[in-house]
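In what follows, a single structure is set out as structure tokens and then discussed.
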Amino acid sequence: MVEIELDGNKVEVPAGSMVMHAAEKAGTYIPHFCYHKKLSIAANCRMCLVDIEKAPKPMPACATPVSQGMVVRTKSDKAIQAQQSVMEFLLINHPLDCPICDQGGECQLQDLAVGYGSSQSHYEEDKRVVSNKDVGPLVAMEEMSRCIHCTRCVRFGDEIAGDMELGMSHRGEHAEIEVFLGETIDSELSGNMIDICPVGALTSKPFRYSARTWELSRRKSVSPHDSTGTNLIVQVKNNKAMRVVPFENDAVNECWISDRDRFSYEALNSDERLTSPMIKQDGVWMEVDWTAALEYVANGLRYIKSEFGANAVGFLVSPHATVEELSLAGTLMRGFGSDNIDYRLRNAEFNEFEGVRHLGRSVASLSTLKQALVIGSRLRKDHPLFAQRIRQAARSGCKVDVIASAREFKGGSDWAMPVRNFLSGEAQQWGQLLANVAAAVAADKGLAPPVSGTADAAAKAIAASLGEGSAMLLGNAAAHHANASSLLAIANWIAAQTGASVGYLTEAGNTVGAQLVGAQPKTGGMHAGDMLAGKTKALLLLNVEPGRDTSPATLDSAGMVVSMSPFKANMDVADVMLPIAPFTETSGSFVNAEGLLQSFHAVVKPLGETRPAWKLLRVLCNMLEVPGVQFETSQEVLASTGMAPGLVDARHLSNATKAALNTTFEARTPVVAGIYELDGVVRRAAALQHTVDAKQEMFA
């Protein structure tokens, strides 16, 4: 440790730290623009100049290493004068358009100009003008005259997103930030550039000119999309979600969110929202009140039970639904006498429950992996923030190996990180490729291989790297695989010999929560494959659109289909549509891939006649005389599951399996959703659907 004196106080920081780090530890604010704690140091803006004893001139705090006994003054006349001079330079070309700037009210330049700016300038020349640039549907670069060349956006693309989409061209007053050769900004993390821009140069194109920052209420929430459990701030005006930004949580999403989390709010305000219950009569949809709709559903379920038995009724539930909703869905079905409930909408294998599949380690630990073997995942598109963490690990020396098909790998360009070995094969070959790694491990350990395999050079390199601090990560395609349990069995054997962890990246915002509350058959009930094949007479759908959220479906034999969705979904197959609240309009909980349960509250009131799904399910339970369902709040529902916010007891999580180690796999391509096709909310977000990713054909 190195001890320095900062504004008269002693501060100890690790050797190699910068003065800025010492100031952060001491709680001393030093004005800055280009410095960001998650990015490399550029020392572009010079706003952080400080007075260092024995230095001939002010020094940048972000780029000056500490030394033993250093004396630093951040508020001396010398430091203040230097900072004021830098501010004057920064404002030479900055346009005076604060009244119309989207950044107004939350602008670093605006804030610091109050303390370090002047009402007059030595410079009277005309301000420079930078031409507008169209870089895609998400990020607006239409006011680049405001840019102060801090290069945060450039460094973010290179270091965090893994794709340097922006760069600085020319020099002097002709310098400007731009895309290369007229391309667009296509990163799945691109919206973070808006957040880190200290001025109003990069703004949100969907949010542009729609509200002023001081008009917005800020409310904390949790993303329902992928399994990161991203912490969000939803900004609200007039009971309408206007913008979504990250809530910093280093253990989960750090200070980043994916574009899927940021821009999907557009769907919540779209014309496709279902705002009142509807019943189809003679092929025509009619709006009805809640009493009529619920009586229709309850009477229909009673009739089908009396005619065909309770086992003729099934319930398909979304892993994007909350813990509370999934728990009550299970209570409803089992109280009705049926065990036909399932969340495994895209799976091809439906083995008996053996344990709650999960990540097998903390989300934060992905950033410090020494080696990662990713199986059956297009990591960057399936899990953008997990990919970002593994990318940081790769920058520190982590070796990344991949077993996947060419569709998922795409030559490595879509991974935005160095991949050492890519073992390419169709889905039916993944077991053999993993068996080759097992054979290499067995040869290294002097053991008999657990299954026949060839220890080729790539397999030996992977086997040699696996050990403590390594992870074998099974992706969405591996989880949906027709032989998913065999893949897991081979991975578990390798892990047992090497000390690596095994885990599922898990597909949705509450895949782990769905398993914890038993949203799958327990006593031989129909699984999702049977229900989608049309083996039920009545089918309830909770946030599910057959064919889009599921593998191919045949529902013609169902006498009654009940759609519970925030949107006008399933109009071609449903008989009843019940409007339920999306995550912004209900309270609830999600459990992320790690097993972290996070609860959240509604950020806006339900739209129209929309009701929280947990309330709807509670009422249906009461109407069908299911006992013990008298909950008044979602918190009471959560308490009834025995869970509470925080990490789930590790004893409830397991990736163990009794499946045989087998390499003879079915020749069936796993059903996996594209990045902007994952759930109904994302599919209806207009800006996301105009991105390059949405337009490209995703792997099947």
Side-chain angles (χ1 to χ4, degrees), residues 226-227 319 344-351 357-361 366 369 371-384 386-387 390 400-412 414-415 417 419-438 451 453 458-459 462 466 470-495 500-508 511-512 551 593 655 657 659 661-675 677-678 697-700:
D226 63 36
S227 59
R344 298 169 295 178
L345 306 176
R346 296 187 176 100
N347 287 32
E349 181 187 71
F350 300 96
N351 54 320
R357 306 313 191 197
H358 64 116
L359 186 61
R361 57 172 48 245
L366 295 177
L369 287 175
Q371 198 264 353
L373 174 57
V374 183
I375 305 158
S377 175
R378 189 176 172 187
L379 184 65
R380 178 181 169 189
K381 304 303 180 182
D382 292 346
H383 300 90
F386 288 171
I390 295 174
V400 180
D401 301 299
V402 178
I403 294 176
S405 69
R407 286 186 303 274
E408 286 141 343
F409 191 66
K410 290 198 172 183
D414 269 3
W415 282 64
M417 69 179 76
V419 174
R420 181 179 58 167
N421 292 294
F422 169 48
L423 308 187
S424 175
E426 295 302 311
Q428 66 267 28
Q429 299 172 302
W430 294 352
Q432 187 61 60
L433 293 171
L434 198 55
N436 293 347
V437 177
V451 64
I462 294 171
L466 288 170
S470 301
M472 303 175 68
L473 302 170
L474 295 118
N476 295 352
H480 301 165
H481 201 286
N483 303 92
S485 57
S486 293
L487 279 175
L488 177 60
I490 301 173
N492 280 340
W493 186 91
I494 295 171
S501 69
V502 174
Y504 283 95
L505 295 168
T506 70
E507 180 184 38
T511 300
V512 174
S551 55
N655 289 320
T657 180
L661 283 75
N662 183 21
T663 58
T664 305
F665 280 16
E666 292 184 38
R668 198 187 321 179
T669 302
V671 178
V672 184
I675 183 171
E677 285 289 320
L678 187 60
E697 180 182 0
M698 293 295 160
F699 64 92

Practice prompt. Indicate the atoms forming the closest heavy-atom contact of H481 with F665, along with that distance.
Written response: CE1-CD2, 3.4 Å
Worksheet item: Taking all atoms of both residues into account, what is the closest heavy-atom pair of L369 and A372, and its distance?
Response: CD1-CB, 4.0 Å
Worksheet item: Side chain of W430, backbone of G425: donor and acceptor closer than 3.5 Å?
Response: yes
Worksheet item: Shortest non-hydrogen contact from L678 to A673?
Response: CA-CB, 3.9 Å
Response to the item:
Taken to the nearest 0.5 Å, the spacing of S377 OG from Y504 OH works out to 13.0 Å
Discussion item. Please find the pair of heavy atoms, one from A404 and one from G376, that lie closest to each other, and give the distance.
Written reply: CB-N, 4.4 Å
Response to the item:
Between V502 and A495 the two heavy atoms that sit nearest each other are CG2-CB, 3.3 Å
Practice prompt. With the side chain counted from C-beta on, respond yes when D382 and D226 share a heavy-atom pair under 4.5 Å apart, and no when they do not.
Written response: no
Fill in: Student check: side-chain heavy atoms of M472 and I403 closer than 4.5 Å
no
Item to complete: Could you tell me whether the side chains of S227 and T506 share a donor-acceptor contact shorter than 3.5 Å?
Response: yes
Discussion item. Using the side chain to side chain donor-acceptor pair (under 3.5 Å) criterion, which residues pair with D401? Sequence neighbours excluded.
Written reply: Q371, R420, N421
Worksheet item: Just by modelled atom types, is the P670 backbone N or O under 3.5 Å from a matching donor or acceptor in the H480 side chain?
Response: no
Worksheet item: So do the side chains of R346 and N476 get within less than 4.5 Å of each other, counting heavy atoms only?
Response: no
Listed pairs under 3.5 Å, donor-acceptor, residues 483-490 side chains, sequence neighbours left out:
| from | atom 1 | to | atom 2 | distance (Å) |
| --- | --- | --- | --- | --- |
| N483 | OD1 | E666 | N | 2.9 |
| S485 | OG | E349 | OE1 | 3.2 |
| S485 | OG | E349 | OE2 | 2.9 |

Discussion item. If I take atom CZ from residue R378 and atom CD1 from residue I675, how far apart are they, to the nearest 0.5 angstrom?
Written reply: 8.0 Å
Fill in: Between CG on residue L505 and NE2 on residue H358, distance to nearest 0.5 Å
12.5 Å
Worksheet item: So, do V374 and W415 sit near enough that their side-chain heavy atoms are less than 4.5 Å apart?
Response: yes
Worksheet item: Are the side chain of N436 and the backbone N or O of A459 linked by a donor-acceptor pair below 3.5 Å?
Response: no
Fill in: CG on L379 to CD1 on I390, rounded to 0.5 Å
4.5 Å
Worksheet item: Listed by chain and number, what are the ring-ring contact (aromatic ring centres under 6.0 Å, His included) partners of F386, not counting sequence neighbours?
Response: H383
Fill in: Point-to-point distance, once rounded to the nearest 0.5 Å, from OG of S551 to CG of L345
8.0 Å
Worksheet entry | Nearest heavy-atom neighbours spanning A387 and R380 | CB-CA, 3.7 Å
Worksheet item: Atom CG in L433, atom CD in E426: separation rounded to 0.5 Å?
Response: 10.5 Å
Worksheet item: Do the non-hydrogen side-chain atoms of V437 and L423 ever get within less than 4.5 Å of each other?
Response: yes
Practice prompt. List the steps and the verdict of side-chain contact (heavy atoms from CB on, under 4.5 Å) for T657 and R357.
Written response: CA-CA 10 Å; T657 180; R357 306 313 191 197; 3.8 Å; yes
